[in-house]
Amino acid sequence: MPFQPLPDAIRALVHDGDTVAMEGFTHLIPFAAAHELIRQQRRELTLVRMTPDLIFDQLIGMGVAKALTFSWGGNPGVGSLHRLRDAVEHQWPRPITLDEHSHAALASAWDAGAANLPFAVLRGYVGVDLPKVNPAIRSVTCPYTGEQLATVPALRPDVTVIHAQRADRAGNVLLEGIIGVQKQAVLAAKRALVTVEEVVDDFGPRSLNATILPAWTLSAVCVVPGGAFPSYAQGYYRRDNAFYLAWDEIARDRDTFLRWMTANVLDKTAEDFARHRRVA
Amino acid sequence: MPFQPLPDAIRALVHDGDTVAMEGFTHLIPFAAAHELIRQQRRELTLVRMTPDLIFDQLIGMGVAKALTFSWGGNPGVGSLHRLRDAVEHQWPRPITLDEHSHAALASAWDAGAANLPFAVLRGYVGVDLPKVNPAIRSVTCPYTGEQLATVPALRPDVTVIHAQRADRAGNVLLEGIIGVQKQAVLAAKRALVTVEEVVDDFGPRSLNATILPAWTLSAVCVVPGGAFPSYAQGYYRRDNAFYLAWDEIARDRDTFLRWMTANVLDKTAEDFARHRRVA
Amino acid sequence: MTPATPTEVMTVVAARALRSSDVCFVGIGAPSAACNLARLTHAPGITLIYESGTIGTEPQVLPLSIGDGELCETALTTVSVPEMFRYWLQGGRITVGFLGGAQIDRFANLNTTVVGPYARPKVRLPGGGGAPEIAALCQQVFITMSLGARAFVPMLDFITSLGHGTGGDHRARLGLTTRGPTRVITDGCVLEPDPETKELTVTSLHEGVTREQVQAKCGWPLRFAPQLPTTPTPGAGELEVLRALHERTDRAHRGSPS
Amino acid sequence: MTPATPTEVMTVVAARALRSSDVCFVGIGAPSAACNLARLTHAPGITLIYESGTIGTEPQVLPLSIGDGELCETALTTVSVPEMFRYWLQGGRITVGFLGGAQIDRFANLNTTVVGPYARPKVRLPGGGGAPEIAALCQQVFITMSLGARAFVPMLDFITSLGHGTGGDHRARLGLTTRGPTRVITDGCVLEPDPETKELTVTSLHEGVTREQVQAKCGWPLRFAPQLPTTPTPGAGELEVLRALHERTDRAHRGSPS
């Protein structure tokens with residue numbers, strides 16, 4: 001049975017120094033699991049996420065990460081991620097190494113990781129500067145047309161953490177809506193942890209092609225209602241856009257940020273935090 | 001508006017000498033469209049299909065094809081495709097060139113075609129003979145690990161023909177169940193023709209991630225109830241396994257085959273043929 | 001009705017350039033407003049695609065992020081992000097892509113990565129996201145940006161996405177068959193690449209804006225087209241629809257139940 | 001109850017080798033019967049995957065093809081065929097793959113492509129389908145085939161899928177980390193590769209079958225294990241479940257409404 005309390009699952013599956021992917025493309029971002037990482041003071045992580053978003057701004061600001069693989073590091077529709085900027089521009093609270101790509105490249109790298117290939121090929125990076133600063137961006141020649149195409153190493157993290165709508169009693173997990181790269185990220189990882197909104201006896205009638213991760217692809221399933229807040233879970237609660245707007249002020253200043261993290265994360269539980277969500 | 005009668009669509013979209021893919025992995029095989037190709041006496045086609053199945057046995061036996069790209073050419077669960085064998089072993093009714101791959105390779109080649117890449121990479125063909133007889137199977141070296149991996153050219157046919165459950169009034173098409181490689185085959189093709197069981201005013205409530213091909217990806221949508229018989233359309237009618245068993249006798253002998261094709265295809269319409277299907 | 005603000009003009013001009021047959025890869029901010037304005041006015045058949053995977057969205061409220069629930073709920077369908085980038089963008093299915101940036105140069109190359117050197121940036125910007133491949137793979141690209149000497153610069157600190165490179169047939173020499181940026185829509189004027197040199201050229205000035213005002217907000221000596229018409233002004237109908245859209249949006253995002 | 005036929009013994013022996021924790025890539029014919037028998041008896045938790053994309057199927061009737069509707073209706077979910085081969089098979093998620101063939105050699109390499117030369121075949125067989133990558137990428141492979149001198153041959157006409165190549169560490173030298181064929185289950189005996197040489201060795205004889213009978217149906221001089229037990233005979237319960245399964249299946253496929 002893969003069901004475990006979140007603190008136990010984080011303790012068992014995520015170790016200092018691991019490469020940890022936490023995916024969810026705007027939707028289903030696993031905030032509760034990230035907060036648990038912060039409470040357990042995990043250190044020296046290489047974090048992987050296409051869109052770092054507030055979840056990695058918090059992890060980076062709390063000093064959890066030594067390196068970051070990403071493709072777009074802003075607060076969507078709002079502006080900067082101030083904690084990410086502070087780490088890159090002023091090495092606060094510690095220096096961070098960047099492994100920067102484009103969305104197309106990381107999406108392809110996830111696909112390649114899930115497919116157990118060592119690299120992905122894409123029509124990408126034509127005429128731009130990123131390959132000059134990231135030596136992981138290389139190329140291959142098509143054995144048929146002679147064309148040069150860009151390559152990116154497959155993503156194969158130690159652990160992937162995602163949030164999903166629900167699990168059945170057997171521990172199979174169903175996602176729907178904006179599904180992002182989560183299936184790929186789970187299948188590409190050595191270990192996978194999923195937080196879910198609820199457990200149901202049976203998924204019941206569903207699309208024949210529903211996005212379901214069988215229990216045997218997962219290391220742990222943790223029931224954490226509201227575990228994606230202030231992101232959202234389609235069918236459960238809405239994205240808290242007001243919070244995303246408010247974060248700009250909270251994260252701009254180091255002390256304000258630390259006070260907020262202490263009051264809302266370090267001194268609190270996942271249940272406390274999730275209480276703020278608004279039902280869809 | 002993409003809706004057209006099937007004979008008009010075949011006439012407009014499929015020309016002598018074209019490379020024509022007709023996909024559907026056991027489920028949703030576009031038999032009605034193939035029969036129309038036979039009635040219109042299309043010639044010199046390069047046919048593409050992972051599993052030739054009865055549909056290509058019929059096309060090949062009627063002399064439509066000069067070449068075949070495929071990965072498994074049997075009558076599933078029954079035995080040989082006698083018309084395919086006769087063409088390969090005795091050049092009857094005409095010689096046919098084979099471009100043979102494995103399922104994994106062609107599935108990857110469809111994926112690459114849909115992704116507008118010139119080739120696909122796979123962990124395939126290790127220690128086997130097919131690369132010795134098919135020069136299209138080559139390799140690349142991973143720019144990160146130095147591993148050698150097999151490659152296959154992307155599939156990019158002139159036309160792809162598929163069958164699907166239903167279209168809405170705008171010509172968007174929905175598939176469900178065993179969806180095979182149909183989405184990839186449509187997106188990889190220059191032109192795409194879809195036959196559907198029915199047209200609905202609106203798809204109504206559906207999975208947020210339903211497999212839907214937008215109207216603007218299709219050249220023609222033809223309403224042909226029963227268009228996949230003796231294959232099946234999940235939710236409409238069942239696979240006619242008894243017919244697949246009976247085909248073994250029909251196709252074994254050239255004359256029996258020709259008589260059957262004349263009586264059931266050349267002298268008949270799509271409606272006549274589809275009348276034999278059994279509701280699910 | 002109050003007259004159109006410069007930003008509103010920018011949005012309306014961008015919207016008018018879209019047709020019902022277009023398939024747009026929509027970004028957040030001005031592009032999203034322009035694409036949805038087009039959909040709600042003269043281009044009802046337009047297909048809007050957001051990089052989160054939503055295809056054929058019809059939001060009643062502008063999304064704050066590219067992955068708001070509204071986009072998914074109103075979409076024809078939603079695909080995975082690898083599929084979106086591999087089959088739909090790289091697959092060549094997008095007719096118009098929208099981009100913006102922190103910096104633009106005279107050949108419509110864009111920087112959204114860093115101000116200063118990459119290794120020790122003065123300002124770390126969000127990065128490329130979808131931009132490098134949107135710029136290369138959409139049939140054409142529209143850029144919306146407000147004028148300003150810190151944005152319209154003679155030399156980019158970093159080329160995040162390719163416009164016309166160093167001009168002329170640079171894109172073709174790199175193997176690209178797409179048109180690249182075909183117009184840059186600002187709050188003061190519209191610029192289009194010269195057919196030969198591909199240098200951005202002012203092709204219309206918004207009502208009440210002078211050449212000198214535009215030049216003052218651009219870091220390189222601007223070329224102006226010989227014929228320099230006034231950009232057609234937004235109509236009352238367009239403005240009404242746009243303002244209602246923004247009003248609904250603000251109400252929704254500030255947290256009061258909509 | 002009539003005693004088990006040789007084919008039934010083959011199916012039961014294959015079924016017994018499966019565990020509840022296995023994830024099986026199932027082919028048509030004997031594999032499908034064995035996997036579903038295991039599911040309906042001692043291994044209720046087993047995950048059955050068919051190459052048509054169905055994951056976790058629980059059919060009440062054996063499918064005629066790998067894509068019958070029954071498989072999809074009873075599955076946990078169904079994915080596209082590219083996803084099945086790329087993420088699930090190539091992804092290394094399958095613990096046991098099943099294969100058969102027209103010809104097998106002493107190192108469990110298989111031929112399902114041609115009899116005679118490839119360019120001018122005497123018999124054109126169906127070809128490889130999923131076999132080349134099933135043989136390479138599943139954690140282990142079970143082969144089920146009826147004995148016969150035309151099937152168990154000294155030299156294959158064509159290597160469709162790799163067993164142990166030329167023996168020894170051949171698979172490892174080709175870069176494979178999977179175990180390859182670990183047992184060949186026939187209607188007369190069970191063979192397993194020698195731990196060192198990888199040559200197929202008879203490790204048990206079915207009840208009433210002699211060494212000579214087996215050798216007469218094999219085209220190469222067979223090796224026999226020093227300890228040669230009788231293959232455990234099918235139990236009454238297993239036979240009952242298997243026969244009921246076949247009865248339901250025949251009824252369904254011959255066209256009378258089931």
Side-chain angles (χ1 to χ4, degrees), chain A residues 25-27 50-51 53 70-81 84-85 88-89 98 100-105 107-108 110-111 114 122-130 132-133 147-148 176-184 211 231-232 234 238-245 278 280, chain C residues 28-29 32 51-54 63-69 71-73 78-86 89-90 109 111-113 118-137 156 158-162 165 170-171 174-176 252-257:
Chain A
F25 206 80
T26 306
H27 180 216
M50 290 181 66
T51 55
D53 200 272
F70 78 112
S71 45
W72 192 83
N75 179 345
V78 180
S80 290
L81 291 176
L84 168 59
R85 281 187 57 178
V88 175
E89 295 170 12
L98 298 186
E100 184 170 1
H101 297 270
S102 68
H103 278 352
S108 298
W110 275 130
D111 176 72
L122 69 152
R123 294 191 185 277
Y125 293 125
V126 176
V128 302
D129 281 347
L130 206 54
K132 298 179 189 163
V133 297
E147 287 169 279
Q148 278 235 50
E176 58 189 352
I178 293 177
I179 50 177
V181 294
Q182 284 99 301
K183 183 185 223 174
Q184 287 79 10
T211 306
S231 163
Y232 71 109
Q234 189 96 37
R238 295 191 293 162
R239 187 173 194 267
D240 194 338
N241 282 334
F243 183 84
Y244 273 80
L245 290 163
R278 273 185 314 148
Chain C
I28 286 306
S32 194
E51 67 190 16
S52 55
T54 62
L64 183 67
S65 77
I66 43 67
D68 280 22
L71 296 176
C72 179
E73 284 157 22
T78 298
V79 301
S80 75
V81 165
E83 177 177 327
M84 175 51 62
F85 279 94
R86 297 179 74 248
L89 178 58
Q90 186 170 271
N109 304 298
N111 173 20
T112 58
T113 304
Y118 184 82
R120 298 166 151 274
K122 216 173 97 195
V123 183
R124 174 64 228 197
L125 301 165
E133 285 73 28
I134 291 171
L137 297 167
L156 299 182
F158 194 92
I159 301 179
T160 306
S161 64
L162 182 74
H170 195 175
R171 287 179 68 89
L174 291 170
L176 297 176
H253 294 175
R254 290 290 157 185
S256 56

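Each chain gets a letter, A, B and so on, in the order the sequences are listed, and its residues count up from 1.
Ranked by heavy-atom pairs shorter than 4.5 Å toward chain C, the options A/G127, A/S71, A/A104 are led by A/A104. In terms of heavy-atom pairs under 4.5 Å with chain C, the best-connected choice from A/L130, A/T51, A/L84 is A/L130. The candidate with the highest count of non-hydrogen atom pairs below 4.5 Å against chain A, out of C/A131, C/G128, C/G165, C/A135, is C/G128. In terms of heavy-atom pairs under 4.5 angstrom with chain A, the leader among C/L71, C/I28, C/T78, C/N109 is C/T78. Interface summary for chain A: among C/I134, C/T112, C/T160, C/V123, the most heavy-atom pairs under 4.5 angstrom belong to C/V123. With respect to chain C, the highest number of heavy-atom pairs below 4.5 Å among A/T211, A/V128, A/I179 belongs to A/V128. Taking C/G127, C/G69, C/G129, C/S65 one by one and counting their heavy-atom pairs under 4.5 Å with chain A, the maximum is reached by C/G129.
In this structure, the side chains of C/H253 and A/Y244 stay at 4.5 Å or more apart for every pair of heavy atoms. Side chains of C/P121 and A/V88 form a contact here, defined as non-hydrogen atoms less than 4.5 Å apart. Residues C/D68 and A/R238 fail the side-chain proximity criterion, which asks for heavy atoms closer than 4.5 Å. Within the 4.5 Å cutoff, the side chain of C/I66 has no heavy atoms near those of the A/P76 side chain. The shortest side-chain heavy-atom distance between A/K132 and C/Y118 does not fall under the 4.5 Å cut-off. Counting only heavy atoms from C-beta outward, the side chains of C/C72 and A/Q234 approach each other to under 4.5 Å.
Closest heavy-atom contact between A/V181 and C/P82: CG1-CD, 3.5 Å. Of all non-hydrogen atoms in C/G130 and A/H103, the two that sit nearest each other are N-CD2, 3.3 Å. Nearest approach of C/R124 to A/E100, heavy atoms of both residues: NH2-OE2, 2.6 Å. Of all heavy-atom pairs between A/R123 and C/L137, the closest is O-CD1, 3.6 Å.
In this structure, OG in C/S80 is found 13.5 Å from CH2 in A/W110, a value given to the nearest 0.5 Å. Between the OG1 atom in C/T113 and the CG atom in A/L98 there is a gap of 11.0 Å [rounded to 0.5 Å]. In this structure, the separation between CG on C/L64 and CG on A/N75 is 7.5 Å, given to the nearest 0.5 Å.
Heavy atoms of A/Y125 lying under 4.5 Å from chain C belong to its backbone as well as its side chain. For C/I159, the parts sitting under 4.5 Å from any heavy atom of chain A are the backbone and the side chain alike. Heavy atoms closer than 4.5 Å to chain A are found in both the backbone and the side chain of C/S52. Proximity to chain A (any heavy atom under 4.5 Å) is shown, for C/L89, by neither the backbone nor the side chain. The part of A/F70 that comes within reach of chain C is its side chain, from C-beta onward, which places non-hydrogen atoms under 4.5 angstrom from that chain. For C/E51, the parts lying under 4.5 angstrom from a heavy atom of chain A are both the backbone and the side chain. Residue contact with chain A, scored on non-hydrogen atoms closer than 4.5 Å, involves the side chain of C/L176 exclusively.
A donor-acceptor pair is defined here as one N or O able to donate and one able to accept, closer than 3.5 Å; no such pair exists between the side chain of C/Q90 and the backbone of A/L122.
Scored by the side chain to side chain donor-acceptor pair (under 3.5 Å) test, C/S161 finds no partners at all (sequence neighbours excluded). With sequence neighbours left out, the side chain to side chain donor-acceptor pair (under 3.5 Å) criterion links A/S102 to C/E133.
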